[in-house]
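So the structure is just underneath, and the comments pick up after that.
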2 protein chains.
Amino acid sequence: MTPTRATKPERGRGALGPALELVHTGRAPTRAVLTAELGVTRATAGAVAAELEALGLITVDSRPTAAGSQGRPSHRLSVNPDGPVVLAAQVHADGFRAALVGLGGRIVATEPGRLTVEADPAQVLAEVVGVGARLLRETGRRCLGAGLSVPSAVAEPEGTALNPLHLPWPPGVPVREIFTRCLAEAGIPGPSGDAPMVGHAANDINLVALAEHRHGAGRGARDLLCVATAHRGVGGALVLDGRLHTGSSGLALEVGHLTVDPNGRSCHCGGRGCLDVETDPLAFLEAAGREPGPETGMLRRALDLLRTEYAADPAVRDAAHLLTDRLGLGLAGLVNILDPDRIILGGLHGALLEVDAERLHAVMEERSLWGRSGTVPVLACALEHNSLVGAAELAWQPVLDDPMAALGS
Amino acid sequence: MTPTRATKPERGRGALGPALELVHTGRAPTRAVLTAELGVTRATAGAVAAELEALGLITVDSRPTAAGSQGRPSHRLSVNPDGPVVLAAQVHADGFRAALVGLGGRIVATEPGRLTVEADPAQVLAEVVGVGARLLRETGRRCLGAGLSVPSAVAEPEGTALNPLHLPWPPGVPVREIFTRCLAEAGIPGPSGDAPMVGHAANDINLVALAEHRHGAGRGARDLLCVATAHRGVGGALVLDGRLHTGSSGLALEVGHLTVDPNGRSCHCGGRGCLDVETDPLAFLEAAGREPGPETGMLRRALDLLRTEYAADPAVRDAAHLLTDRLGLGLAGLVNILDPDRIILGGLHGALLEVDAERLHAVMEERSLWGRSGTVPVLACALEHNSLVGAAELAWQPVLDDPMAALGS
DNA sequence: CTCTCTTTGTATCGCTCCCAAACAAAGCGG
DNA sequence: CCGCTTTGTTTGGGAGCGATACAAAGAGAG
């Protein structure tokens, strides 16, 4: 038994993590605001900011700012643009993408790629990590973590991809383990020097929600629900109090099998008229009387059709209305269960919102139990490469939780 | 360093709350376990325990225990049976109940009552609080808080009962405000002496979940889902990391309107075949071919019928199977969205589980997406007066969060 | 331009919390 | 009786942080 916790020589400032998160999410633009947000004295906030600057994570700018407000202008806080980064990787139906992402969700470098040997997860991940490692060499940045976005539910704590979508992968691939091994083989060291880099992996829609919560349309929300489509199917994610809610085994928010049309088409889940099959790009293309074509690129085609033909083609408009009605039904059901204070929509759903927000609100209001789901703000996702940024957020999390420990100094 | 030693015994302010919660929930039976659970040194745990004992909340017993294990026996920790209490009140269709509840969920005194003037919430609550005040006088206990359980969704932060069930109350009654006023009028002072007592109020099923999580069938669960019936309708609640998840406006877990039978009866929500109308006592009595009778007492009659006639009457058995199948469908849907690590069932649902658990598991497994909802443990509620105890938990929460502040010393 | 007001940054002091270490106590087994 | 193990207790000291006083940097008034 070891009741002795942690070590003593490491002076761990308690407020260091929360302070970094405030700067990271842009909620503490100045030291004065940081002081107020942390609820500490100016002296303490100053020490914390100085510490974070010494760690190379943020910059404290005491230069004048032409603020215009009264009193002495506060020092400006910002993420250090030349600071460390994390490696973010994304695998999807059309290919992959690697990126280096700094604090604040800033993409420092990124590069896409096409899948050559789709069927082998290890080889695909090795390719992505290889590109990331090259970016690291080219930029010479210090890398503090690594995160991976996959189009599949990821079971915790094993880190296995249960249902890879649009990828010829078998179910149950241990993506986190493979990702971590690839990092080691690419020669990317861990932040502490000697220990190897451990990779994080999660479902892409979860990461979209996380990224949008920190840097996009979900900023400031306390209970954020995210619903989005890829090419096929519908996914969901929930951010509670700033943390991803993945459930007890990582499989929460499988929202695709809510019933939105009792007489709808049958679904592989055994039900009928599920959100999954009634509001995805395939359903839209079919409802509009278009040839759906191959699965890959279906989202793109649906988006193009909706945006270009909505005003002109009655069939497209009718299809959009049909899907909007079903989506509203599903969202109302989710509001009854989750009671979020904001909803963000991605993929085709985001586009449906942009095309006719009023219709969606009307359906939700009609179906809401206490007249509230009609009042929940619904927004479209606002961030580019959001699941990639989300993968970076995953990798940043240990640093945000305890900067001193994560930096190994 | 100057020897300014032994100034005040005001120690352990940080870990005081967590320590009290550990003793309260029975997870720290000895000081040694407390030390390990808190992750502090023996010295700190000792100081914390002594502080809590000095506050009169727990007792530290250094007497031998005939443990049989090696080493010096640890001091035993337990809730102080003569310590302070909270006032718990419950209003339901058949009447009301007041109680004094100590730490550990121990009911010190309780007394039921019948509603005389149902239609006036203020008068009903005044009656309940009156009984509670009498119990307080009779026992002479110090009262640290007050909690109320109502059969209605309670909107936050207003504290209004939106849909009182089986009570002739209008929707939107500000129950928390009225409750607090009744406490003041009954002459019950706040814990700090001068400030008045503020009441807490919540939905009964939420409180069932809370009570069962702390002291009943939900102990040790991290993500606990509770589903239960009263006389009519179905309610749900979720406890995440030991805290009730009520959503952003207190209205989460309205699980009654999941579709479990696409061709089922129509529901007031506008849908068809909702869990609410397909698995409640009325649905059961009708399915069994019985005359449902008046709404009040419907749960009792359904329970009696199920328990006494299940083995003998094929119609009852068929009805039970029908409801079990529908319930399994609903639970599978909830597992897909919430991914709990345990489910507890109350009311008729608990009885259905006791009668045929295997059938329920089979349905859930068949409808589970990743073969996991079949593996989620499903238990029946195990606590008597659980919503009353839950109301007490609500009242204890400030004390558990910060004992020093809550006791006003 | 200078004086005052307001707001913020900085230096110092002292207090509180809590760890670490050493020691004492209480049971078990020889 | 003495070791062994586990736990409670005492003591010293260090780190974090609040409180306070003072300095700095702008805005506005005259």
Side-chain angles (χ1 to χ4, degrees), chain A residues 1-19 28-54 58-77 402-405, chain B residues 1-19 28-54 58-77 402-405:
Chain A
M1 177 99 69
T2 54
T4 53
R5 58 151 23 175
T7 48
K8 181 208 157 212
E10 289 186 19
R11 37 176 188 154
R13 256 198 182 79
L16 221 54
T30 68
R31 242 188 63 179
V33 175
L34 180 68
T35 302
E37 289 289 321
L38 289 179
V40 297
T41 59
R42 290 198 296 272
T44 304
V48 166
E51 187 77 48
L52 288 175
E53 190 178 30
I58 72 171
T59 56
V60 181
D61 186 3
S62 56
R63 304 265 308 292
T65 159
S69 71
Q70 226 171 357
R72 174 176 175 174
S74 185
H75 291 185
R76 304 181 70 80
L77 302 178
D402 189 344
M404 301 278 291
Chain B
M1 186 65 76
T2 47
T4 52
R5 188 120 292 275
T7 47
K8 279 188 230 172
E10 192 173 333
R11 302 189 110 209
R13 217 174 99 176
L16 221 54
T30 68
R31 242 189 62 179
V33 175
L34 179 69
T35 302
E37 288 289 320
L38 289 178
V40 297
T41 58
R42 290 196 298 270
T44 304
V48 166
E51 185 75 47
L52 289 175
E53 189 179 31
I58 72 171
T59 57
V60 181
D61 186 3
S62 58
R63 303 288 313 287
T65 160
S69 71
Q70 227 171 354
R72 175 177 176 175
S74 186
H75 291 186
R76 303 183 70 79
L77 302 179
D402 189 343
M404 300 280 287

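Below, chains carry the letters A, B, ... as their sequence lines are ordered, and counting in each starts from 1.
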Quiz item: For A:H75 and C:dT7, what is the distance between atoms NE2 and P respectively, to the nearest whole Å?
Solution: 17 Å

Quiz item: Hey, does the side chain of A:S69 come within less than 4.0 Å of D:dG26's phosphate (OP1/OP2), counting only N and O?
Solution: no

Quiz item: B:R76 CZ to C:dA26 P: how many Å, rounded?
Solution: 17 Å

Quiz item: Of all heavy-atom pairs between B:T35 and B:A45, which one has the smallest distance, and what is that distance?
Solution: OG1-CB, 3.2 Å

Practice problem: Report yes if at least one side-chain N or O of B:S62 is closer than 4.0 Å to OP1 or OP2 of D:dG8; otherwise report no. | Solution: no

Quiz item: When you match A:R72 and A:A15 each to their closest nucleotide on DNA chain D, which lands nearer the 5' end?
Solution: A:A15

Self-check item: B:S74 side chain near B:V33 side chain, heavy-atom distance below 4.5 Å
Solution: no

Practice problem: Mind calculating the distance between CD (B:E51) and P (C:dT16) to the nearest angstrom? | Solution: 13 Å

Self-check item: B:L34 side chain near B:L77 side chain, heavy-atom distance below 4.5 Å
Solution: yes

Exercise. To the nearest Å, give me how far apart CZ (A:R42) and C1' (D:dC22) are.
Key: 11 Å

Practice problem: Map A:Q70 and A:A43 onto DNA chain C by nearest heavy atom, then report which one ends up closer to the 5' terminus. | Solution: A:Q70

Exercise. Whole angstrom is fine here: how far is it from CG in A:L34 over to C1' in C:dG9?
Key: 13 Å

Self-check item: Interatomic distance where CG belongs to B:L38 and P belongs to C:dC17 [whole Å]
Solution: 16 Å

Quiz item: Looking only at heavy atoms, what is the nearest atom pair of B:R31 and B:R42, with distance?
Solution: NH2-O, 3.6 Å

Quiz item: Could you give the CG-to-P distance, from B:D61 to C:dA26, as a whole number of Å?
Solution: 14 Å

Self-check item: Closest contact, heavy atoms only, A:A19 versus A:L52
Solution: CB-CD1, 4.0 Å

Quiz item: Has A:T41 got a side-chain N or O lying under 4.0 Å from the OP1 or OP2 atom of D:dG18?
Solution: yes

Quiz item: B:A32 side chain: which of D:dG8, C:dA20, C:dT10 is closest?
Solution: D:dG8

Quiz item: Taking the side chain of B:P73 as heavy atoms from C-beta outward, which of D:dG8, C:dC19, C:dA26 is closest to it?
Solution: C:dA26

Self-check item: Shortest side-chain distance from A:R31, nucleotide among C:dG9, D:dA19, D:dT9
Solution: C:dG9

